[in-house]
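All remarks here apply to the structure that follows.
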Amino acid sequence: MSIDHLLKRRPVDFDIHDIDLFSAEDQELKELSSTLGLSLSLEEMWTIRSHFLRIGRIPSDVELQSVAQAWSEHCCYKSSRTILKENVFSIHHPDVLARGDAGVMAFDDEHAYALRIESHNHPSAIEPYGGAATGIGGILRDVVCMGAQPIALVDPLCFGKPDRDLDVPPGVKHPRYLLRGVVSGIRDYGNRVGVPTVAGGIYFDERYTGNCLVNVGCVGIARRDEITRNHVGGVGDRLILCGGRTGRDGIHGVTFASADLTAESEEESRGAVQLGDPIMKEPTIHACLDVNRMGLITGMKDLGGGGLSCVVGEMALDGGCGAVVHLDRVPLKEEGVVPWEVWVSESQERMMLAARKEDVPRILEMFDLWDVPATVIGEAVEGHHVKLIWGDEVVYHMDLNFVTAGPEYCRPFVIREPTTVECVEFPQLPALDDVMLSLLREPNIASKEWAIRQYDHEVRASTVIKPLQGRMNRQGPGDASVMKPVESSWRGLGIAVGCNPWYTAEDPYNGGMASVDEVCRNLVSVGARPHAITDCLNFGNPEKPDRLGDFRDAVRGIGEVCRRLSIPIPSGNVSFYNESAGGVALPTPVLLGTGIVEDVRHCVTSDLKAEGGALFLVGETRDEMGASALFRRFGGRGGKVPDVDVDMLEHSIDLMMDAMSAGMVAACHDCSDGGVAIALAEMCIGGSIGASIDLRPMGDLPMTVRLFSESNTRWVVEVAKGREADFEAAMDGLAVRIGTVSGDTLSVKDGFKLGLEAMREAWTSLATMLG
Amino acid sequence: MKKVCILRIEGTNCEDETFAAFHKVGAEPERVHLKQLTGHAPLDLRRDLMDYDILALPGGFSAGDYIRAGAIFAARMKASLGTQLRDFVTQGRPVIGICNGFQILVELGLRPAFDEVMAPQPQVALYTNDSDRFECRPTLLRMDNRGSCVWTSGLGMGDVVMFPSAHAEGHLKFPAGEEDRFLERLDENDQIVFRYVDEDGQLAGYPWNPNGSPGNVAGICNPEGNVLGLMPHPERAMTRFNYPEWTRGRDGDDGDGLRLFRAVVGRN
Amino acid sequence: MVIADIRIELKHGVTDPEGQNTLKALELLGFEGVRAVRTVKVFEIDLDAEGDGALQMCENMCRKLLANPVIQNYQIELK
Amino acid sequence: MVIADIRIELKHGVTDPEGQNTLKALELLGFEGVRAVRTVKVFEIDLDAEGDGALQMCENMCRKLLANPVIQNYQIELK
Ligand SMILES: Nc1ncnc2c1ncn2[C@@H]1O[C@H](COP(=O)(O)OP(=O)(O)O)[C@@H](O)[C@H]1O
Ligand SMILES: [Mg+2]
């Protein structure tokens, strides 16, 4: 069936069609949606048709494309909004200064920091290098348009198993290829713009093979009076488009992100994939922050999903205005880009500024100094309509209230019974020495140094606690990094990630709670008090009730803990449709947490410090082996996924923070994948020193449970010499003594005994595989 | 007060911490875009290189390090600022190139510059690390200069300092077959300033030497000693809290970078 | 043994930041009449194989490692 | 207008870490009989110039920017 008869070409000397929705049959409406790449449902097409019937004319292609962008899942959160409102947006905190493209939190009396995390999953599955690089570009823009200087990047990533065989399903790329491409993309972009990549994670599971996840986060710092708005200041403000030129690249990125991946995605979605140009971005950041500091602009917003179509509408509407834009003034990369393409293109490295007319010349001068194109393309007007002009022709004239009032769905969902199985199928285990080495070699636990050192994690010279910690050139893993963002102050900002998709897969509610627990533990480990979280929620197709049920429960779990700990979530991102022919990716909420360090000179690292140091375990260990690293490695089944006792978490954070500022703690590492045993091994590796351990004080549990249970809210702590009694008293019964730092082996009474070199060799084996 | 020109183009980074480093030792630094020195800027922003006492080429990725690291920046400087730069150097004013700045000095022909101030063509190259990867890691450097270099006058010979490295192209390459001759010549002229060493202060291989440079050379100066180029970042070692092992105990709040920057700023 | 010359270029319409930045640098250096710069990557590979077998192997290398068909084209030439 | 194909290769004896790394990756992927991999960079330049003038211009570009004579050779071909 052809829909050509519905496309009415206008008699002008450029390419524009009006689309005859009025005479289209339902089947033709569906066909229009798919042929034009709109990704709109039939019901949504009906709504649009009624709107135009009301105003008495058919839409132009520019108008129809624009609505499709605005109503995509990616832009309007139609499936998730009600759930987010209830659980996330409703957590209020006086330190939240703004919720814009990035969230803004108070840092000290004079400064604020911005934070945001976002996914770039689908583009990265198709073209890992460009997909990841443009992900970094996008998240930087979100932070810059709050008026903040980016100071740190974060990159939690999920891939299929790196050691799987080389045959992969059609349309899918091997995890190692994807990993190399993604890490190179983040490295080249992040390093070239001079923002350190200080935290992240690489998670491997077969279920990510067809659908890798690339989440990128950014934190920025600003003086409080530099925080900008993401909208125009008022009627008469000029709209200045700056940065890269606009082309056909990146067309339909958001609609691409709002559908499952297929074997053909590679061919079909080429237009949505871009490479990014950090050397346009870097001066654009400078110029934007300069004109903001000089007080020359009234608002600023980045061009991300939906391109101009989203940014103009949102900037005008939020500023209480309408807008007139001369679309033909937009600088183009190539000839022949037609109006609707200009309006929705997602070409990289672009920002929109709003400024009073009299400030425009100076702004243009500043951009010229940096050789960054900047063009006045329109202005804010009275009312709430946006009008687009090409030559003398009006190609778009729409009421913003309609365009931005995207649908909001309460889609059906089902809540699964969590697999809280009392009767566990405990795996057959080899000797405990071998279990340990095997776990250290497990790609999810093994050292990620291969990636971390390809990122410049020290540029800007403010990374005071680094991602790898311990003796030089023999470091072990850290839990969080700490930035010292203000030259004249000792105050610091801890940055950490929390993510455990295996818990979420077995028990979404507990999984959501556990990821908050993890991010808090990580922050506390270095001496940072949890302050804010930004979340990237990666789930499957929300039109399938079980996927949406997982989403809802995970968000409920996250919201529950955050609300009770009073940790706001001032920004975040939802990524649905993480599915491919090979199945659905693990439900993966990724949290980026920030914590305040009162004085960075009191920070603590994970490496064991000195012979004779007393080792304590803080927190309660239970038989919670469900979805543990041990079970995943050796084939255990069932078991309870670790629960979070929120009161205990809150109390423990307070006690640990006090002990740290009192200087009692010499080293600290949280217990996560692999439990106490792996935490101890990692602390030994970082400190290049052994420990002798007796786990009997942990209580009446089987040895394997003591060693490998992943119960939440626990840390292994080395206490400074002479402070043992103080510490034990301060911890109010939560800490038990489990051993002493000594020698060059890690030996656990009635457990195992391993040399440092054997542990290090196993732990660093992933690098060899990745080459 | 010493005026410092921190020169940048698109893609330069590390200028903020280089600024902070000079500021900390009491100089008056300014970030200056190359176009401000060549007259291609609004009137109030134009600057003259000769008004500055010190020139710093910070690290980063000028122009993305496309083609070769530093090549584009160097070519633009040479074309638009060549004569002034030559004068600046011959007058003995201190110049430092850090990381990308070192790559720029090399591409400019300002390093090693045995016989002339600025050679018409590069005489050495800073090439891809042996690991074929960007390497961000702390590095220990032994100061091996016998006294010609003004930048290290605050350090003693044999002192070991920690300046972090972060680069993909830091392997110093001499013309094939002439490696030994070049190394000898550099040594004779007292142009070798820093060498990568291990914890015992001894020359050692990867990862102590992060890029595979022959003779473990990390930084060199001109025979007159006023122009220093080095791969590692002294501006990232201004306080002890920049150190990889500071939580393992280290005295004082100062970092080794201070001694380098103080040496030129304190001098008259 | 053959020497394979595998030439990988960006597809039309894919932006080439390296080419663009090189173009800009050439212009600033005063070169006139430079209309466009594209960067191409070439792998020169010594192979213990001949004729069709070698060609097939190179095809495979391109598909599995050297090129990304989404954004790049490749040409293989045996010498 | 001509298209200049400027080929920048490493001088004999200069090690090529990228080539070596690629060789290793190909071996890991199971390719057998790969003896060596060398990487070459090509700039394809559209020039408003002809013949000797164009050649001279490309020579200049190489000397001023595109090649470092310490480690690299260049070849220019006009198409
Ligand atoms: N899961 C979430 N948690 C908290 N805030 C969220 C979440 N998802 C989206 N947000 C917020 O909703 C707003 C709109 O998001 P989005 O449309 O993705 O932004 P952008 O226009 O920058 O792409 C942003 O302020 C974002 O931080
Ligand atoms: Mg945004």
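Chain letters run A, B, ... following the sequence lines, proteins first, then strands; residues in each count from 1.
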Rounded at 0.5 Å granularity, tell me how far [atom1] in [X] sits from [atom2] in [Y].
| X | Y | atom1 | atom2 | value |
| --- | --- | --- | --- | --- |
| Cys136(B) | Arg453(A) | SG | CZ | 7.0 Å |
| Phe61(B) | Ile279(A) | CZ | CD1 | 8.5 Å |
| His286(A) | Asn13(B) | NE2 | CG | 7.5 Å |
| Ile9(B) | Trp370(A) | CD1 | CH2 | 9.5 Å |
| Arg187(A) | Arg133(B) | CZ | CZ | 9.5 Å |
| Glu487(A) | Met238(B) | CD | CE | 8.5 Å |

Salt-bridge present ([X], [Y]; N to O < 4.0 Å):
| X | Y | result |
| --- | --- | --- |
| Arg236(B) | Asp456(A) | yes |
| Glu199(B) | Arg474(A) | yes |
| Asp65(B) | Arg192(A) | no |

Testing the basics here: between [X] and [Y], what is the closest heavy-atom pair and its distance to 0.1 Å?
| X | Y | result |
| --- | --- | --- |
| Arg362(A) | Pro42(B) | NH1-CB, 4.1 Å |
| Gly11(B) | Glu282(A) | N-OE1, 2.9 Å |
| Gln475(A) | Pro138(B) | NE2-CG, 4.2 Å |
| Leu369(A) | Gln36(B) | CD1-CG, 4.1 Å |
| Phe134(B) | Tyr455(A) | CE2-C, 4.3 Å |

Hey, which of [options] has the most heavy atom pairs under 4.5 Å with chain B?
| options | answer |
| --- | --- |
| Asp188(A), Thr605(A), Asn191(A) | Asn191(A) |
| Ala666(A), Ser462(A), Ser184(A), Gly470(A) | Gly470(A) |
| Ala461(A), Ala610(A), Gly687(A), Gly194(A) | Ala461(A) |
| Val482(A), Thr463(A), Ile465(A), Val464(A) | Val464(A) |

Does any part of the side chain of Glu365(A), heavy atoms only, come nearer than 4.5 Å to the side chain of Leu45(B), both counted from C-beta?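 Contact flag for Leu45(B)/Glu365(A) side chains = no.
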
Engaged part of [X] at the chain B interface, taking heavy atoms whose separation is under 4.5 Å:
| X | value |
| --- | --- |
| Met280(A) | neither |
| Arg601(A) | both |
| Asp371(A) | both |
| Gln454(A) | both |
| Lys609(A) | both |
| Gln469(A) | neither |

Which region of [X], side chain (C-beta onward) or backbone (N, CA, C, O), has a non-hydrogen atom less than 4.5 Å from a non-hydrogen atom of chain A, or is it both or neither?
| X | result |
| --- | --- |
| Thr18(B) | neither |
| Asp44(B) | side chain |
| Arg137(B) | both |
| Asp16(B) | side chain |
| Thr139(B) | backbone |
| Asp132(B) | neither |
| His40(B) | backbone |

Which of [options] touches chain A most, by non-hydrogen pairs under 4.5 Å:
| options | answer |
| --- | --- |
| Asp253(B), Asn100(B), Leu140(B) | Leu140(B) |
| Thr247(B), Thr12(B), Asp198(B) | Thr247(B) |
| Ala21(B), Pro164(B), Cys14(B), Ala237(B) | Pro164(B) |
| His23(B), Lys24(B), Glu15(B) | Glu15(B) |

Side-chain donor/acceptor of Glu10(B) to backbone N/O of Pro283(A), under 3.5 Å: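 A pair under 3.5 Å: no.
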
Any donor-acceptor pair under 3.5 Å linking the side chain of Lys466(A) with the backbone of Asn242(B)?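 Yes; at least one donor-acceptor contact below 3.5 Å.
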
Could you walk me through whether Cys603(A) and Trp246(B) satisfy the side-chain contact (heavy atoms from CB on, under 4.5 Å) test, starting with their C-alpha distance in whole Å, then the side-chain angles of each, then the deciding distance to 0.1 Å, before giving a yes or no? CA-CA 10 Å; Cys603(A) 281; Trp246(B) 74 263; 4.0 Å; yes

